[in-house]
Each structure stands twice: as C-alpha cells, then as structure tokens.
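First the structure, in the form of structure tokens, and then the observations on it.
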Amino acid sequence: MRAILCKQFGPPESLVIEDVPSLEPGPGQVVLDVKACGINFPDLLLIADKYQFKPPLPFSPGGEVSGVVKSVGEGVTGIEPGQRVIGSTGWGGFAEEIAVEAARVIPIPDQMPFDEASAFLMTYGTSHHALKDRAQIKPGESLLVLGAAGGVGLAAVELGKVLGARVIAAASSEEKLAVCREHGANETLLYPAGNLDRDQQKAFSEEIKKLTGGEGADVVYDPVGGGYSEPALRATAWEGRFLVIGFAAGDIPRIPLNLALLKGCQIVGVFWGAFTGRQPDQNRANISELMRWYVEGKIRPHISAVYPFEEYAQALNDLANRKAKGKVVLKVAD
C-alpha cells in the first residue's frame, strides 16, 4: 500500500509517498481501507515536531479517516468487514490502509459520504464537548466564536444554533463571515488578520460588547489564541465561560488572571482527545447525538476543498495559510 510519510520534521513539502507493507490487525484492532482523511491543525504540528504527542519517525499524519473495514483482529465484536466507518486515529491516516483500535471506530449512516465522514468527528466532537459538557451553554445565551470559519469554529457555529444560543461569528475576512452566516450565525464580526496592536484589541473588545448589548458574551469559543484571546476575555460577561480550544494563531497568550476575578468568569480548558479516553461512555453518547443531528439535517460539514492523494502538500498548506473554510479533505481512494 501507499503511505505519505514524515521521515524528517519540516513543512508539508518534506513529506514523501512510499510503498509500505500492507497491514494486519492485532488483537482488538481493525484494518480500514481508507477512502478519505480530514486535515486538521494538529497534522501541521505533528510534522513540525510541535505537538504534545510525538510519534516515532517515520509516521503518516492524519488523525481522522473514513473508509471500509477490511479485516478485524482477535476479540473484536460488533464490527465486521465491509462496514462503512469513521476512525479516530491521532495519526496514520495519510495512507491507503490504517490499523485502528476497534473502540475508536464508529459506523456511519448510509447517507453520509466518505468526504463528509472524514471531516466530521474531530471538529464536531470537539465543539460539542466544549459547548455542552464544558460550557453547559443554555438556550438564549450569547456565544462568540473566534476563527469561526475554520473547522472547529464552523462546527461551533452550527452546534451553538442547535443548542439554542445566539451566535456571533468572528473571522478575518468578509468571505469567511459569509460562510458563517450560511451556517446559522446570528451576527458576524470582522477582525484584523495578524498580530493585533493595543488599539485594535481595544476596538475588538468594544465591538463584542456592542453586539451583546454591553453585557459581553456568555460563552467565548477560542481556537485562535495569540492577540485575540485577551480582548475576547475582556468582553466576556459576568459568570461567563471562556473556552480554550487551541492556538491557531501560533502564540499561547498570557492572560491577566485578574480579569477572571473581576468578571467572576471561568477559563475552561477543552481537550476532546483526552475526554474520549477518560469518559468513553459520555463520548459515545455525544457522538450518537451528533449522528442523529446529521441525519436530521441540523449539521453538515462544510468542505472547502478535496485534494487527491498526491496533492497532500497543498491540502496541508491550505490549512497552514488559513485558506480553508470549514474543512479540507485528502481523497485517498474512490
């Protein structure tokens, strides 16, 4: 089988395609014929050796795949060859086959195409856990989503609407904000791209307050970090919840903790990957709810580009250069 390998850390162009041995499932594993792989920000961090998990070289990036079960290992029950599934893998998805623990494989509805399936689990899983479990968002509350046209951001916009929130989508271009409105945002907020100076940060805070009637946002969903976090926290409501999702801007902000004291607000970490391992029953219940909402037409992944296997570098660079709206998908096989 073919695999896209990271043999030395570097940019997407440093990856190579090679033939590697076909896989056999170990005990408790299944092997999938991969059809598509969703591109996510951790893929870029993994190949640059900047992620908290560090697989040994060589490895394939790609943390979420869709495909068909090829074979099952000893002790696997409830999953059979031929089933259409999603696999949550961490890495290894940029390949024609992947071995996955059976517990990390989820059957998909017949009406879900493979490209949408590969763009579904990580973004919706993260945003659902953030809004429902960590923020415990309530109908009628205001939700500010930073980076709202990205993968997790757009999922948060959709899920915020499903959960009854008033959604304010913030992004760096009018084109991105148009996509957010198509996916249900009540209000949109344009912010400057790049590093914000103090005047820009102050103006950003004031715009958030204006859109929330001077009260601030009840819940802030922040996958961006950098210079955007502090002004968003300053515009958080009394007893609000500031959700720390990630740091797509590249910098981890240093937050003045007196802001949490003055606002009586919570700064809440969201680590969906750890949650899936620590609370598997709750995660399965969440995924069942997400699948039901998909079948009911309440949520649907927005895919801005699907690239063939050989164009993996362009797929990753779309994400690195913030060209993606929603998700980018690597098509592995028909």
Side-chain angles (χ1 to χ4, degrees), residues 1-20 32-51 53 55 57-67 86-98 100 112-126 147-155 171-173 175-176 179 193 223-224 246-250 300-334:
M1 67 153 179
R2 295 185 304 164
I4 299 166
L5 298 177
C6 176
K7 304 181 78 172
Q8 60 182 19
F9 296 114
E13 291 77 11
S14 65
L15 302 175
V16 295
I17 297 179
E18 291 189 359
D19 289 323
V20 299
L32 308 182
D33 284 324
V34 178
K35 300 296 185 181
C37 185
I39 310 294
N40 294 288
F41 191 65
D43 298 327
L44 293 166
L45 298 178
L46 276 168
I47 65 173
D49 196 25
K50 294 180 179 179
Y51 200 50
F53 301 116
L57 296 171
F59 68 89
S60 296
E64 60 177 340
V65 301
S66 63
I86 298 172
S88 179
T89 63
W91 53 84
F94 283 25
E96 292 177 331
E97 295 177 8
I98 188 169
V100 188
M112 181 181 277
F114 285 120
D115 58 349
E116 291 187 6
S118 74
F120 188 83
L121 188 59
M122 188 173 291
T123 51
Y124 286 101
T126 297
V152 293
L154 206 53
S172 61
S173 75
E175 182 183 12
K176 291 178 179 179
V179 173
V224 179
F247 311 103
R300 185 172 185 178
H302 180 90
I303 298 172
S304 60
V306 178
Y307 287 100
F309 195 68
E310 294 76 13
E311 296 182 22
Y312 58 86
Q314 185 59 58
L316 287 163
N317 279 322
D318 270 12
L319 202 63
N321 297 327
R322 300 193 185 184
K323 293 182 179 179
K325 294 177 285 295
K327 291 295 287 285
V328 173
V329 169
L330 188 69
K331 185 176 182 180
V332 178
D334 294 324

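Just the heavy atoms: all of them, side chains too, but no hydrogens, waters or symmetry mates, feed the values below. For this chain, numbers begin at 1 and follow the sequence in order.
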Whether Thr89 side chain and Gly63 backbone form a donor-acceptor pair below 3.5 Å: yes
Test item: Asp33 side-chain N/O and Gly67 main-chain N/O as donor-acceptor pair under 3.5 Å: no
Pairwise side-chain contact, Pro61 with Leu15, heavy-atom cut-off 4.5 Å (strictly under): yes
Straight-line distance of Leu319 CG to Gln314 CD, nearest 0.5 Å: 11.5 Å
Distance (rounded to the nearest 0.5 Å) between Trp91 CH2 and Glu64 CD: 15.0 Å
Inter-residue atom distance Leu32.CG - Glu96.CD, 0.5 Å rounding: 13.5 Å
Side-chain donor/acceptor of Lys325 to backbone N/O of Gly150, under 3.5 Å: no
Asp318 side chain vs Ala315 backbone, donor-acceptor pair below 3.5 Å: no
Close side-chain approach of Leu330 to Glu311, heavy-atom, < 4.5 Å: no
Check: Phe94 and Cys6 side chains under 4.5 Å, non-hydrogen atoms: no
Close side-chain approach of Ile47 and Ser14, heavy atoms under 4.5 Å: no
Side chain to side chain, Pro12 and Leu44, heavy atoms closer than 4.5 Å: yes
Arg300 CZ: over 12 foreign heavy atoms closer than 6.0 Å: no
Side-chain touch Asp19/Met1, heavy atoms, less than 4.5 angstrom: no
Side-chain donor or acceptor of Ser60 paired with backbone N/O of Ile4 under 3.5 Å: yes
